[in-house]
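Just so it is clear, the values below take in all heavy atoms, side chains as well, and ignore hydrogens, waters and symmetry mates. Counting from 1, the numbers follow the sequence of the chain as shown. All of these numbers come straight from a predicted model, not from anything done at the bench.
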Amino acid sequence: MGKIEWAMWANEQALASGLILLTGGIVGVAGQFRGWQFAAYAVAAGVFVCLLEYPRGKRAKGTSVERTGQYCFTVCVKSFGPLTRNYYVRAFLHAVICVPGGFMLATVLGCVCLGIASLIYLAAAIRGEHWEPILPRKEVRNPKVGESIKQPPQNPPPRPPAEMRRKRVDDLEAAAYDNPIPVTANE
């Protein structure tokens, strides 16, 4: 059975928890709950986590599909080098970010989800995984269909097999071929 790529699961979990943390923070700030400063922190932390986790990493198999509009975020995340590429750093960063969210009810769910993402990133780091960006591949230019066809077929389909086709010759007797199926006039 195939090897589990934990980083892919951690990325999805962290992105979802960033959105949950952001939503809880907005609810806490809008409601002016007691300790709403923690909710304001959760809004900023949720935005940061979403920006960090939006670009998907390249899978080991190479069958990665990038998210829509991921390229500009990939360039930003890639520019931080080993701080964003190393999953030990991400696990620690998410663990630290999630702690203040636990002091307010509106942000507790985002805090717990981000803590779980931190544990999954730790599992990915222990297994030796690291973040590789998905960069656009340089397209190999294939000749267009019109350029590859030298001359379109002259006779309509269905066409006989290539060995049975008539050769264009000025001499009509040389151009004729023997029909392997006997033709009889049934009237």
Can you find a heavy atom in the side chain of [X] that is under 4.5 Å from one in the side chain of [Y]?
X      : Y      : answer
His94  : Val49  : yes
Arg56  : Thr74  : no
Val108 : Phe103 : no
Glu12  : Glu53  : no
Trp131 : Asn86  : no
Gln13  : Cys113 : yes
Leu93  : Leu52  : yes
Phe92  : Leu122 : no

Search all heavy atoms of [X] against all heavy atoms of [Y] and return the closest pair with its distance.
X      : Y      : value
Ala39  : Met104 : CB-SD, 3.6 Å
Pro100 : Phe38  : O-CD2, 3.6 Å
Cys111 : Cys98  : SG-O, 2.8 Å

Side-chain heavy atoms under 4.5 angstrom apart, residues restricted to Ile, Leu, Val, Met, Phe, Trp, Tyr: same cluster for [X] and [Y]?
X     : Y      : value
Val96 : Val112 : no
Met8  : Ile120 : yes
Ile26 : Leu21  : no

Using atom types as modelled and distance alone, determine if a side-chain donor or acceptor of [X] lies under 3.5 Å from a backbone N or O of [Y].
X      : Y      : value
Tyr54  : Gly69  : no
Ser118 : Leu114 : no
Thr107 : Gly24  : no
Glu129 : Ala7   : yes

Exercise. When the aromatic ring centroids of His130 and Tyr87 are compared, is their separation below 6.0 Å?
Worked result: no

Verify the neighbour count for atom [atom1] of [X]: are there more than 12 heavy atoms of other residues, nucleotides or ligands below 6.0 Å?
X      : atom1 : answer
Leu105 : CG    : no
Phe33  : CZ    : yes
Trp6   : CH2   : no

Exercise. Going through the distances and angles, do Ile97 and Tyr41 end up as a side-chain contact (heavy atoms from CB on, under 4.5 Å)?
Worked result: CA-CA 9 Å; Ile97 287 175; Tyr41 166 80; 3.9 Å; yes

Problem set entry | side-chain contact (heavy atoms from CB on, under 4.5 Å) assessment of Leu15 paired with Cys50 | CA-CA 5 Å; Leu15 182 62; Cys50 288; 4.3 Å; yes

Exercise. How long is the gap from CG on Leu22 to OG on Ser17, to the nearest 0.5 Å?
Worked result: 11.0 Å

Problem set entry | Euclidean distance, Arg85 CZ relative to Phe80 CZ, rounded to 0.5 Å | 13.0 Å

